[in-house]
Amino acid sequence: MSNLLSSNQVDQYNQEGYLLMSGLIPNSISVKAEQEMWRCSDVKADEPETWTSGTIAANYLNDDIVACYTDEFITVAAQLAGDDPTTYSKPEEAYSLNVFPSTREWSWSKPHIDHSIKTDGYKTFPRAFRIAAMTYLSDVEEHGGGTIVWPRSHHRIWSLAKSNPTYYEYMWVLGNDIERADLGTPMELTPNRGDVLFYHFLCAHSGSKNVNSQPRFALNTKW
C-alpha cells in the first residue's frame with residue numbers, strides 16, 4: 001500500500017510526538033462501532049440513569065468495533081513509527097477507554113507515559129512499544145473527556161532517559177521522573193468520531209474528566 005501520509009503529517013508527528021488524523025475511520029464503520037459500543041457497554045443512549053461515572057476500561061471481541069482497524073489505519077501507524085507495515089497485525093479485540101459524564105469540576109490527570117507500570121517490567125531502550133493510537137468513536141467537545149497531550153514532550157523525555165541509560169533502563173523509573181523533563185504546556189484535544197490520535201511511546205499525555213452531557217467513547221491500541 002502506498003504512503004498515505006503527507007510529508008507535513010510525518011514532520012508533525014516527529015516534531016510534536018503525536019498526530020491527530022481526521023476521518024481516518026470511514027463513517028460507515030465508525031457509526032456502527034459507536035452503536036456497538038453502546039450495546040457492549042450495557043448502557044442506553046437515551047437513559048442517562050443507566051450510565052456510570054468516570055473512566056471505564058474493557059476489552060470487547062466485537063467484529064464491528066474491531067473493524068475500525070482498517071488496512072489504511074495499520075499502514076499509517078507503521079509509517080509514522082518508521083516500520084514495515086507487514087510487521088503490524090490487526091488487533092483481535094478492542095480495548096476501550098470510555099469516559100462517562102461527571103458532575104465534578106473539569107480537570108485532567110497528571111501526565112504519564114504508557115507501559116510505565118513497575119510490575120509490567122517494560123524496558124525503555126530501544127523502545128517499549130512502537131506506536132500507540134486512540135480511536136475516537138464519539139465527537140468530543142471541550143471538557144468532554146478529551147485526551148491531554150504535552151507537545152514535544154517526547155524529545156525532552158528522551159533526553160532525560162539518555163542522560164542516564166542505566167538508571168532509566170526501565171519505563172517505570174522513567175515514568176516516575178518525567179516531570180523533571182520540563183514537559184511544557186499541555187493541550188486538550190477535541191477530536192470527532194472517526195479521528196485517530198497516534199502518539200510516540202514517550203509522548204506525555206493524560207485523560208481528562210468529562211463534564212459534558214454525553215459519554216466519550218474511544219479505543220486504545222499499541223504495536
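Positions are given from 1 along the sequence.
The heavy-atom pair separating Trp150 from Thr185 by the smallest distance is CD1-C, 4.1 Å. Closest of all the heavy-atom pairs between Val43 and Thr50 is CG1-O, 3.2 Å. Heavy-atom minimum distance, Pro215 versus Ser138: O-OG, 3.6 Å. Pairing each heavy atom of Ile65 with each of Cys40, the nearest pair is CD1-SG, 4.2 Å. Closest approach of Phe100 and Asn210 over heavy atoms only: O-CB, 3.8 Å. Contact detail for Ile74 and Pro85: the closest heavy-atom pair is CG2-O, 4.4 Å.
With rounding to the nearest 0.5 angstrom, the CG atom of Leu137 is 9.5 Å from the CZ atom of Arg216. Residue Leu197 holds its CG atom at 9.0 Å from CG of Asn220, rounded to the nearest 0.5 Å.
Of the possible polar contacts, none joining the His155 side chain to the Glu16 backbone as a donor-acceptor pair under 3.5 Å is found. Not a single donor-acceptor pair under 3.5 Å links the side chain of Arg193 to the backbone N or O of Gly23. Looking at Asp177, its side chain never comes within 3.5 Å of a backbone N or O of Arg180 through a donor-acceptor pair. Ser208 contributes no side-chain N or O that, together with a main-chain N or O of Thr147, makes up a donor-acceptor pair within less than 3.5 Å. Counting only distance, with no hydrogens or angles, the side chain of Asp195 and the backbone of Pro191 share no donor-acceptor pair below 3.5 Å. Panel note: side chain Glu188, backbone Gly146; no donor-acceptor pair is recorded below 3.5 Å. Judged purely by atom type and a 3.5 angstrom limit, Asn212 uses its side chain to pair as donor or acceptor with the backbone of Glu142.
Look at Arg156 and Asp182 and you find no salt bridge, because none of the NZ, NE, NH1 or NH2 atoms lies under 4.0 Å from a carboxylate O.
For His115 and Phe129, the ring centers are positioned less than 6.0 Å apart. Checked against the 6.0 Å centroid criterion, the rings of Tyr168 and Trp158 do not qualify as a close aromatic pair. The aromatic ring centroids of Tyr199 and His205 lie less than 6.0 Å from each other. For Trp172 and Tyr122, the ring centers sit 6.0 Å or farther from each other. Ring centers of Phe125 and Tyr170: at least 6.0 Å apart, outside the cut-off.
Side-chain contact between Gln15 and Gln12: absent, with no pair of heavy atoms (C-beta onward) separated by less than 4.5 Å. Within the 4.5 Å cutoff, side-chain heavy atoms of Ser96 are placed close to those of Met37. Contact annotation: the side chain of Tyr136 approaches that of Leu20 to within less than 4.5 Å [non-hydrogen atoms, C-beta and beyond]. Between Ile157 and Leu183, some side-chain heavy-atom pair lies under the 4.5 Å cut-off. Residues Thr135 and Ile25 form a side-chain contact, since some pair of their non-hydrogen atoms from C-beta on lies under 4.5 Å apart. The shortest distance between side-chain heavy atoms of Arg127 and Phe201 falls below 4.5 Å. Taking the side chain as every heavy atom from C-beta outward, Glu34 and Phe217 approach each other to under 4.5 Å. Side-chain contact check for Leu174 versus Leu202: some heavy-atom pair is nearer than 4.5 Å.
The aromatic rings of Phe198 and Phe73 lie perpendicular to each other, with more than 60° between the two planes, well past the 30° mark. The aromatic rings of Trp38 and Trp51 are tilted relative to each other, their planes meeting at an angle between 30° and 60°.
Side chains of Ser53 and Arg104: a donor-acceptor N/O pair is absent below 3.5 angstrom, by distance only. Counted by atom type alone, Thr86 and Asp84 present one or more donor-acceptor pairs between their side chains at under 3.5 Å. Looking only at atom types and distance, the side chain of Tyr88 has a donor-acceptor partner in the side chain of Asp83 under 3.5 Å away.
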